[in-house]
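Worksheet: one structure, shown below.
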Amino acid sequence: MKERFIQRYKAAERINHWIVAGCFLLLAISGLAFLFPPFFWMTGIFGTPQLARMVHPFIGLIMFVGFFCQFLRYWHHNFLDKEDIVWMKGITKVVMNHEVGDVGKYNAGQKGMFWLMTTCMIVLLVSGLIAWRQFFSDLFPIWAIRLALLAHSCAAIALIVGIITHVYAAIWIRGTIRAMVEGVVTQTWAKKHHPRWYREVMEKANSGNSAEPQNDK
């Protein structure tokens with residue numbers, strides 16, 4: 001019996017996601033190289049340390065624009081509700097791959113990651129612009145630049161830790177990576193991990209007005 005699939009992400013969403021992910025990887029490499037001397041050798045990935053320092057803020061702007069597009073798409077799915085409290089109380093079961101609560105499109109962990117990314121992105125953008133010596137640093141006193149660099153580093157480390165957790169969770173929960181690679185998940189996966197979202201999608205499909213139609217593979 002063939003497994004039945006439903007669409008979770010459209011092509012534009014997946015492309016947007018991987019652009020942001022690629023930018024994040026480049027920024028993490030160059031940022032860690034600037035912050036920690038033992039990692040300075042990684043600037044060679046960009047050709048030279050000078051080139052790495054020059055392209056770092058431009059890549060950051062691309063990542064911010066990409067994430068802003070994601071924010072506009074997903075913010076309304078990421079407000080906590082009472083089912084998220086149930087999910088958080090049952091986190092030990094979740095870690096053992098047994099979902100709890102009537103979870104919608106995103107669970108409490110994913111929502112927390114979304115707002116962590118949003119906060120870090122804002123801090124990184126503002127602090128990055130203040131510390132961007134080529135264009136803006138002459139507009140700010142030295143103490144402001146130093147505080148901006150400190151905030152930038154803290155936000156970057158928090159984001160790196162968050163993304164590592166995000167990737168680990170995606171690998172741990174089988175079937176999750178397929179959603180962002182192929183755009184689909186099995187009905188079994190959706191019903192287990194996001195039952196409320198599964199019902200909503202199926203109700204729309206049955207009414208003939210689904211924005212995320214059922215698919216067979």
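In what follows, residues are counted from 1 in the order of the sequence shown. A quick note: this is a predicted structure, and the numbers were derived from the prediction, not measured.
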* Asked: If only atom types and distance count, is the side chain of Q110 paired as donor or acceptor with the main-chain N or O of N107 below 3.5 Å?
  -> yes
* What's the shortest heavy-atom distance between T43 and P49, and which atoms? -> OG1-CG, 3.5 Å
* Just say parallel, tilted or perpendicular for the rings of F39 and F36, cut-offs at 30° and 60°. => perpendicular
* Indicate yes or no: at least one non-hydrogen side-chain atom of F34 is less than 4.5 angstrom from one of H56. => yes
* Asked: Looking only at heavy atoms, which two atoms of M113 and G162 are closest? And how far apart?
  -> SD-O, 3.4 Å
* Structure fact -> Note: A155 and C120 closest approach over all heavy atoms is O-SG, 3.6 Å
* To the nearest 0.5 Å, tell me how far E13 CD sits from Q7 CD. => 7.5 Å
* Please walk me through it: do Q70 and N16 pass side-chain contact (heavy atoms from CB on, under 4.5 Å)? -> CA-CA 7 Å; Q70 291 182 316; N16 192 165; 3.9 Å; yes
* To do: Measure up the Y106 and Y9 rings against each other and bin them: parallel (under 30°), tilted (30 to 60°), perpendicular (over 60°).
  => parallel
* Asked: Only one of F64, W132, F46 forms a ring pair (Phe, Tyr, Trp, His ring centres under 6.0 Å) with F58, so which one is it?
  -> W132
* Side-chain (E83) to main-chain (D102) donor-acceptor, under 3.5 angstrom -> yes
* Verify the neighbour count for atom CH2 of W115: are there more than 12 heavy atoms of other residues, nucleotides or ligands below 6.0 Å? => yes
* To do: For side-chain contact (heavy atoms from CB on, under 4.5 Å), just list the numbers for I85 and K89, CA-CA rounded to whole Å, side-chain angles, deciding distance to a tenth of an Å, and then say yes or no.
  => CA-CA 6 Å; I85 304 300; K89 288 182 177 179; 3.8 Å; yes
* To do: Give a yes or no on this: more than 12 heavy atoms of other residues, nucleotides or ligands lie within 6.0 Å of atom NZ of K192.
  => yes
* Please confirm whether F5 and W189 have ring centers closer than 6.0 angstrom. => no
* Asked: Step by step, would you call V185 with R178 a side-chain contact (heavy atoms from CB on, under 4.5 Å)?
  -> CA-CA 7 Å; V185 293; R178 171 188 276 164; 5.8 Å; no
* Asked: Do you know which two heavy atoms are closest between I130 and A148, and how far apart they sit?
  -> CG2-CB, 3.7 Å
* Using the side-chain contact (heavy atoms from CB on, under 4.5 Å) rule, take L80 and K111 through it: C-alpha gap first, then chi angles, then the decisive distance, then the call. => CA-CA 7 Å; L80 292 175; K111 292 177 180 180; 4.0 Å; yes
* Asked: If you count the non-hydrogen atoms of other residues, nucleotides and ligands that lie under 6.0 Å from CZ in F79, is the total more than 12?
  -> yes
* Taking every non-hydrogen atom, the tightest pair across R73 and H76 -> O-CE1, 2.9 Å
* Asked: Any sub-3.5 Å donor-acceptor pair from W18's side-chain atoms to M180's backbone N or O?
  -> yes
* Parallel, tilted or perpendicular: ring planes of W197 versus H194, cut at 30 and 60 degrees -> perpendicular
* **Check: R196 side chain, G101 main-chain N or O, donor-acceptor pair, under 3.5 Å** => no
* Would you say D84's side chain and D81's backbone share a donor-acceptor pair under 3.5 angstrom? -> yes
